[in-house]
Amino acid sequence: MKRQKHIVQKVINLTPETFIIRLDRGNFQFEPGQYVVIRIPGQNKGREYSIYSGVNDDYLDFLVREIPEGSFSRYLRHLMPGSELDVEGPKGYFILDEKTKSGNKVLLIATGTGISPFHSYVRSHPELKFNILHGVHFADEAYGRESFDPRRYLLCTSRHDKGDYFGRVTYYLKEHPVDKDTICYLCGNSEMIDEVTVILEKYGIPPENIRTEVFF
Ligand SMILES: Cc1cc2nc3c(=O)[nH]c(=O)nc-3n(C[C@H](O)[C@H](O)[C@H](O)COP(=O)(O)OP(=O)(O)OC[C@H]3O[C@@H](n4cnc5c(N)ncnc54)[C@H](O)[C@@H]3O)c2cc1C
């Protein structure tokens, strides 16, 4: 697997917990939806991160939530411009299929930083029409909202009522049936993915039309 050094251009703080780390792109090629393993040079330690930027951007962005008890995400947040990181990849198969590219009805469902691959889809393919359901705790966690078509993006906030819908994505989906010929892409924590899969299957969506990427 290809491993290359990339330079940190900047760290952009979005909320007290979440930030974008921007690296130089170099000649790195990927498909929207793929992830990389970022490693600290000289150490074996690394973590997976989905690519947040689009295929036409001349930089590589990653959307990261700092985990207070975690070590790697905290390390990334405090990197200075000019620091080096090892990037291994691209990896993964959470990419758009032909049916999606040819205009099939699509629903993207994310929690938290799970919006990252979807941001890459939308930046890379502005011509495609995705409906997006984004579950977060608070409305200031609507990362990248400005990149999404406001008529097709719905923010579910579970800890206050300042989003478009007050409650978790699972509650929203139980109240709003999904057409059985929709292709669904799910990204985020495993609990959400398991619960949403059960709901979608009850609506008659076949397993092959439910694509998933588990972050933790
Ligand atoms: C394919 C893949 C893609 C990923 N893409 C991203 C990404 O784009 N952005 C990102 O922030 N993380 C992403 N992750 C998670 C990431 O790899 C790390 O696990 C995360 O940054 C925490 O690392 P840490 O060393 O700070 O804490 P760790 O000690 O490794 O983790 C501590 C705990 O934090 C929780 N946790 C981990 N990641 C998150 C998260 N994103 N949001 C909330 N809680 C979390 C889990 O409960 C975990 O057990 C991805 C994971 C996988 C497998």
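Because only heavy atoms are used, hydrogens play no part in the values below, and waters and symmetry mates are left out as well, while side chains stay in. We're numbering straight along the sequence, starting at 1. In each ligand, atom 1 is the first atom listed, and ligand 1 is the first ligand listed.
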With E141 as reference, evaluate R65, K162, R159 under the salt bridge (Lys or Arg N to Asp or Glu O under 4.0 Å) test and give the passing residue. R65

Under 4.0 Å from atom 22 (C) of ligand 1, do we find at least one protein heavy atom?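 True for atom 22 (C) of ligand 1.
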
Touching ligand 1 at all, [X]? Heavy atoms, strictly under 4.0 Å?
X: N189; answer: no
X: S71; answer: yes
X: F62; answer: no

When you measure from [atom] to every protein heavy atom, which one gives the shortest distance, and what is it?
atom: atom 33 (C) of ligand 1; value: I67 CG2, 4.1 Å
atom: atom 16 (C) of ligand 1; value: E48 O, 3.3 Å
atom: atom 46 (C) of ligand 1; value: F216 CD1, 3.5 Å

I'd like to check whether S50 has a polar contact with ligand 1, where a contact means an N/O of the residue lying under 3.5 Å from an N/O of the ligand. yes

Salt bridge (Lys or Arg N to Asp or Glu O under 4.0 Å), that's the test. Do E195 and R168 meet it? Break it down for me. CA-CA 11 Å; E195 288 178 23; R168 299 170 60 194; 3.7 Å; yes

Looking only at side-chain N and O atoms, does D194 offer a donor or acceptor that is under 3.5 Å from a partner on T197? no

Show the nearest heavy-atom pair for residues D179 and K105, with the distance to one decimal.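 Taking D179 first and K105 second, the nearest heavy atoms are OD2-NZ, 2.6 Å.
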
